[in-house]
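Taking it in order: structure first as structure tokens, then the write-up.
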Protein chains: 2
Amino acid sequence: MNQNKYYIFFGNLANPLKVEIISELKENEMSVLELAKKLDVEQSKLSHALKSLKHCSIVNVKQEGKKRIYSLNKETILPMLEIIDKHESKFCKECKAMEARKK
Amino acid sequence: MNQNKYYIFFGNLANPLKVEIISELKENEMSVLELAKKLDVEQSKLSHALKSLKHCSIVNVKQEGKKRIYSLNKETILPMLEIIDKHESKFCKECKAMEARKK
DNA sequence: GATTCATATGAAATCTATTTCATACATCTA
DNA sequence: TAGATGTATGAAATAGATTTCATATGAATC
């Protein structure tokens with residue numbers, strides 16, 4: 001019974017920075033420095049995060065001159081986020097409360 | 001920009017034990033001790049894991065005598081697992097390799 | 001209401017993941 | 001090819017999550 005893929009995949013998304021990255025890339029593909037500015041985080045931190053997202057094909061990269069442009073694998077990620085939105089509004093009253101508290 | 005819900009939800013699944021629990025409950029609802037036997041893990045460990053799964057409504061509980069019967073929120077989880085299966089077979093060659101290595 | 005069975009809880013120990021910082025590597029341009 | 005820009009990497013430090021173990025709580029039975 002080998003289901004490593006599931007928790008490895010989820011682990012990759014279980015992190016606020018990575019979720020922020022995803023939510024930026026949902027709008028536009030962009031380079032590492034652009035992301036760094038948008039999210040106000042240090043570059044190497046982003047590179048580390050992007051590396052693991054890339055490793056599971058949650059994002060893709062292309063080279064453009066000196067820049068590496070990251071884009072979201074929307075085919076997988078968008079439906080996934082939708083499921084959670086639906087889940088939250090239907091089942092997860094506590095999660096909402098938690099969200100509020102964390103603000 | 002508050003997207004805590006996403007990483008909180010994913011965090012809950014980013015763990016081998018929790019994935020095992022889910023995969024057992026996919027087949028049958030069951031009590032904590034039944035799960036403990038099936039998965040060969042200590043009871044309190046399960047209780048901790050079930051608590052957080054419950055907290056995000058990934059599982060549900062009902063009381064039956066002394067026992068508490070846990071069941072899976074299939075409406076949310078099954079489509080989610082399907083997305084990952086599809087993702088894996090389509091995009092994630094590395095994940096497969098990783099899976100193999102971990103065996 | 002004492003005992004037993006089933007489960008939950010708290011806190012310390014342990015394990016895993018993220019962050020940081022210094023530095024290396026790659027691409028482009030003068 | 002030296003310098004500048006953009007990104008990646010490794011390793012130590014740190015933060016977070018899981019596990020363990022002892023114990024508490026709740027439900028049923030006698």
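Please read all numbers here as calculations on a predicted model, not as lab measurements. Proteins get letters first, then strands, A, B, ... in listed order; numbering begins at 1 in each.
If you check every strand for non-hydrogen atoms under 4.0 Å, B:Lys45 touches a base. Residue B:Ser31 is classed as a sugar-phosphate contact, given heavy-atom separations below 4.0 Å to backbone atoms only.
Rounded to an integer number of Å, the gap from CG of B:Leu46 to P of D:dT20 is 11 Å. If you take CD of A:Glu42 and C1' of C:dA22, they are 10 Å apart, rounded to a whole angstrom. Between the NZ atom of B:Lys51 and the C1' atom of C:dT9 there is a distance of 7 Å, rounded to whole Å. If you measure from atom CG of B:Leu50 to atom P of D:dT19, you get 12 Å, rounded to the nearest angstrom. Protein atom CG of B:Leu33 is 12 Å distant from nucleotide atom C1' of C:dA8, rounded to whole Å. Atom CD in A:Glu34 sits about 10 Å away from atom P in D:dG6, given to the nearest Å. Rounded to an integer number of Å, the gap from CD1 of B:Ile8 to C1' of D:dG16 is 13 Å. Between the C1' atom of C:dT19 and the CD1 atom of A:Ile21 lies a distance of 13 Å, rounded to the nearest Å.
Between A:Lys38 and A:Glu20 there is no salt bridge, since no side-chain N of the basic residue sits under 4.0 Å from a carboxylate O of the acidic one. For the pair B:Glu75 and A:Lys90, the salt-bridge criterion is met [side-chain N within less than 4.0 Å of a carboxylate O].
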Starting from the C-alpha separation in whole Å, work towards a yes-or-no answer on side-chain hydrogen bond (donor to acceptor under 3.5 Å, both in side chains) for A:Ser52 and A:Asn12.
CA-CA 7 Å; A:Ser52 71; A:Asn12 231 315; 3.1 Å; yes
Show your working on salt bridge (charged side-chain N to carboxylate O under 4.0 Å, His left out) between A:Glu34 and A:Lys67 and close with a plain yes or no.
CA-CA 10 Å; A:Glu34 285 178 287; A:Lys67 298 184 180 176; 5.4 Å; no
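For B:Gln43 against C:dA6, a side-chain-to-base donor-acceptor contact under 3.5 Å is absent.
Mapped onto DNA chain C by nearest heavy atom, A:Leu17 and B:His48 fall at different nucleotides, with B:His48 at the one closer to the 5' end. Nearest-nucleotide positions on DNA chain C for B:Lys67 and A:Asn12 put B:Lys67 closer to the 5' end.
Of the side-chain N and O atoms in B:Tyr70, none sit less than 4.0 angstrom from OP1 or OP2 of C:dA6. Between B:Tyr7 and C:dT18 there is no side-chain N or O to OP1 or OP2 distance below 4.0 Å. The phosphate of C:dA17 has neither OP1 nor OP2 within less than 4.0 Å of any side-chain N or O from A:Asn15.
The closest donor-acceptor contact from the side chain of B:Glu24 to the backbone of B:Ile21 lies at 3.5 Å or more, if one exists at all.
Candidate nucleotides C:dA8, D:dA8, C:dC21 were compared by shortest atom distance to the side chain of B:Arg68, and C:dA8 ranks first. Checked against D:dT20, C:dT20, C:dT9, the side chain of B:Ser47 finds its nearest nucleotide in C:dT9. Listed candidates were C:dA22, C:dT27, D:dG6. Nearest to the side chain of A:Gln63 is C:dT27. Distances were taken from every side-chain heavy atom of A:Lys66 (C-beta onward) to each of C:dA6, C:dT27, C:dT19; the shortest belongs to C:dT27.
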